[in-house]
Amino acid sequence: MKYDYTAIEKKWQKNWEDNKAFAAKNDFTLPKYYALVEFPYPSGAGLHVGHPRSYTALDIVARLKRMQGFNVLYPMGWDAFGLPTENFAIKNKIHPVEVTKQNVARFKSQLQSLGLSFDWDREINTTDPKYFKWTQWIFIQLFKKGLAYKSTMPVNWCTSCKCVLANEEVVGGVCERCGSEVVRKEKSQWMLKITEYAQRLIDDLEEVNYVERVKTQQKNWIGRSTGAEVDFNTTEGDKMTIYTTRPDTLFGATYMVIAPEHPYVEKWKDSLKNYDEIVAYKEAAARKSDFERAEMNKEKTGVRLDGVRGINPVNGNEIPIFVSDYVLMTYGTGAIMAVPAHDDRDYAFAKAFDLPIIEVVKGGDVTKEAFTDCETGVMTNSGFLDGLTVEEAKEKIVEFLAKEGVGHPKVNYKLRDWVFSRQRYWGEPIPVVHCPHCGPVTIPEDQLPLTLPDVPSYEPNENGDSPLADIEEFVNTTCPVCGAPAKRETDTMPQWAGSSWYFLRYADPHNEDALASKEALEYWTPVDWYNGGMEHTTLHLLYSRFWHKFLYDIGVVPTKEPYAMRTSHGMILGEGGEKMSKSRGNVINPDDIVAEYGADTFRLYEMFIGDFEKAAPWSSTSIKGCKRFCDRTWALLDMVQEGTEFSEKNKREIHKAIKKVTDDILNLRFNTAIATLMGLLNTFYENGINKAELETFLKLANPFAPHITEEMNELMGGTEMLAHAKYPVHDEALTVDESVKVAVQVNGKVRSVIELPFDCEEEKAKEIAFADQKVQNFLEGKNVVKTIVVKNKIVNIVAK
RNA sequence: GCCGCUGUGGCGAAAUCGGUAGACGCAAGGGACUUAAAAUCCCUCGAUAGCAAUAUCGUGCCGGUUCGAGUCCGGCCAGCGGCACCA
């Protein structure tokens, strides 16, 4: 019989759908397993071969866990708000709702053609008012707790999207989405206080099983540093507080620097003889985009404040104060003490402005470069700190500052609050009304969802305001508190909003009274295994951990962390090893692969391509090996003999394979799991195969290649679907061979291979090894010094 | 500059605890079947020398630890990813 993969795959996909074969049960007494992949943005381009790498991997896990008796939740949905849809809608004059519908339909049929075992009854869509009602509800809770606030501040402004971007969305000084220049612009924006959770977002990484690189990247992004705040007096009498991580070098401070935006520039206006020059510098700095600022990295610029000086609290020295854009208003206090001898940036600035450099830590050569080593240096020129190590000095100076009342230890984070508003149409409306009397107030929860008005045009206006701002029926409303005429907030939420809690909705997706019921959350959370792209580590993954912690704090979810385990797959590259992209013309379309080879082959190849965590180039020739595997598996139908017991020849290989495949799946080694299945198949071609053996093989291969295995199982008379069958269990005693080949080394070089019984005794092993003719040849004329025997592995004879 | 990761055949890669380097697959070469091609099946396949048995070399480079190193340690080099004036 021919292996007609197209017919077989259609048949089983329909069967699974009709029978709801993968619906998670609402029986909360069963052992549960929640496998999750990042839900896609349904773009117009359709599915990319990168998507199925993640989806297939966790599909394998979900299918394995189901066969092992778990009540498995493996859901899918659509993260469908976002700019590309909106832009497409504008360009083609189709409503975004319609565009989204089309894209979702396409994505869904593509996913279904891969035989992924999603529970489609729980499908969600972030643009569905029934869904975003709860996104808005969470925003209101954040607002109530003071974690959502509006603030005028310099923000990242994409010149092409005419939209504010979060720090996380600016990559290399350009817009992550469209690649256009990003400039800084003063705007009133909604912000979320993620910084309030900075420490917990670091600490609780200890409690979760994330791959190490994800943890490291999140920690670096949050950027905790410990130091001290120190108050410098000034000749104006105003206290100037600075932040430093090196309070030990306080005696070496020879000048101070404040950010151009520092409020003291205005405060000291009358005392500053060169005020105009300073303002000109400030304005020039403000015009620079982040990208330009970074470009100027090497050349330090700045202006000295003429008329005001700082006073070093440890020695009373008067030192000059500068403004310079290398000091950021958004970090620490916006002011620093500069210690050119022990900081590279201060050193460069001091050289440029010919300022004194005083060495306070011995160990380097400060006439050549800054000495920044904290490990080896010894304090000098530092009064009561002289002779101490850097660590000791840090402790002592902080003590001193506290006693004098001029400083205290301080922890700072690089993490900034999350800019949460976007001036676009296709997002969740922020459920806030601005009242002239009451200020910003949230709309009553029973009025949620606040839906988007149906309008013909979605283009942002010339001021960069949201399209919603031009719709009077939407804007004009009454204050929910006092009833006075008021105006609605017109900004919408960023795309990251809907994805910050979506995994909770899957637990109970149709609930109208809560984002999910307590019982469902109690049962299903946390997610047992979450796989997704590295690119979301400091965006979605961090945001959703923040929201989850907030929901935990207000008693909505039962766990501190949303995901018990997080892994990350590597990208699939084009054939040449470059990133797949339309412009390079190296894009592989999953539909073509499914048509040419079938979904089972496609799934196998995506998993076999290489180390799951690493990037791997697509190869249109290598995939043939996986097709051959399917063909050869199919051909077993013609080879199979009757028999309900494993044959002696195959038994041990089968038990080894059960152990290895199961183990590999749970340890991200899908490639070697498939290699093991291929090896087992080769064994069957050598030894023959009987019915019991083939049934076991089909069960093992089912999570990887579900269609062909189900079909073969049925053709062999199987009445139960493999997807619901019991997964084979190995017998440990049968995972080893009765005899093993052991290498015999002479002085560390393999000279012969001998066959020994498994777990052969040491003396016996030595005896056989020494008796070997080849070994004898190499021992001739030498004295045996000692012999090392490692059971079942090696015998090494050391001879001189 | 800082942080992280990776360097193994012609190619994708294995080697899970320091114990036979190259499993599995692709490509390539040879053979069988075929009128022929495709498909399939069998054999070979790290380099060098040799008819062969076999020997020597071989996991980016230099050194070290060890009976034994792809694996551990120290120092380099190259590539990839992230961050980037965060005091």
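All values derive from a computational prediction rather than experimental measurement.
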Inset, instruction - Could you check whether the rings of A/Phe349 and A/Phe322 sit parallel, tilted or perpendicular, using 30° and 60° as the cut-offs? - result: perpendicular
Inter-nucleotide [atom1] distance ([N], [M]), Å rounded:
{"N": "B/U71", "M": "B/C17", "atom1": "C1'", "result": "10 Å"}
{"N": "B/G12", "M": "B/C83", "atom1": "P", "result": "27 Å"}
{"N": "B/A36", "M": "B/A14", "atom1": "C1'", "result": "40 Å"}
{"N": "B/G60", "M": "B/C24", "atom1": "C1'", "result": "25 Å"}
{"N": "B/C45", "M": "B/G30", "atom1": "P", "result": "16 Å"}

Inset, instruction - Between protein and nucleotides 53-58 of chain B, map the contacts as a letter string: B base, S sugar-phosphate only, - none, heavy atoms under 4.0 Å, written 5' to 3'. - result: -SSSS-
Of the candidate nucleotides [options], which contains the atom at the shortest distance from the side chain of [X]?
{"X": "A/Val798", "options": "B/C3, B/C67, B/A87", "result": "B/C67"}
{"X": "A/Arg213", "options": "B/G4, B/A27, B/A87", "result": "B/G4"}
{"X": "A/Ala675", "options": "B/C24, B/C41, B/G68", "result": "B/C24"}
{"X": "A/Val327", "options": "B/C67, B/G4, B/A87", "result": "B/A87"}

Inset, instruction - Pick base, sugar-phosphate or nothing for A/Arg669, based on heavy-atom distances below 4.0 Å to the nucleic acid. - result: base
Legend entry - Ranges pairing with ranges for RNA chain B, where each run has three or more Watson-Crick or G-U pairs under 3.5 Å: B:1-7 with B:77-83, B:10-12 with B:24-26, B:28-32 with B:40-44, B:46-49 with B:54-57, B:60-64 with B:72-76
Inset, instruction - May I ask you to establish whether A/Arg566 and A/Tyr210 are in a cation-pi arrangement, using a distance under 6.0 Å from NZ or CZ to the six-membered ring centre and at most 45° from the ring axis? - result: no
Inset, instruction - Look at the side chain of A/Lys300 and the base of B/C85, then say whether one donor and one acceptor between them are separated by less than 3.5 Å. - result: yes
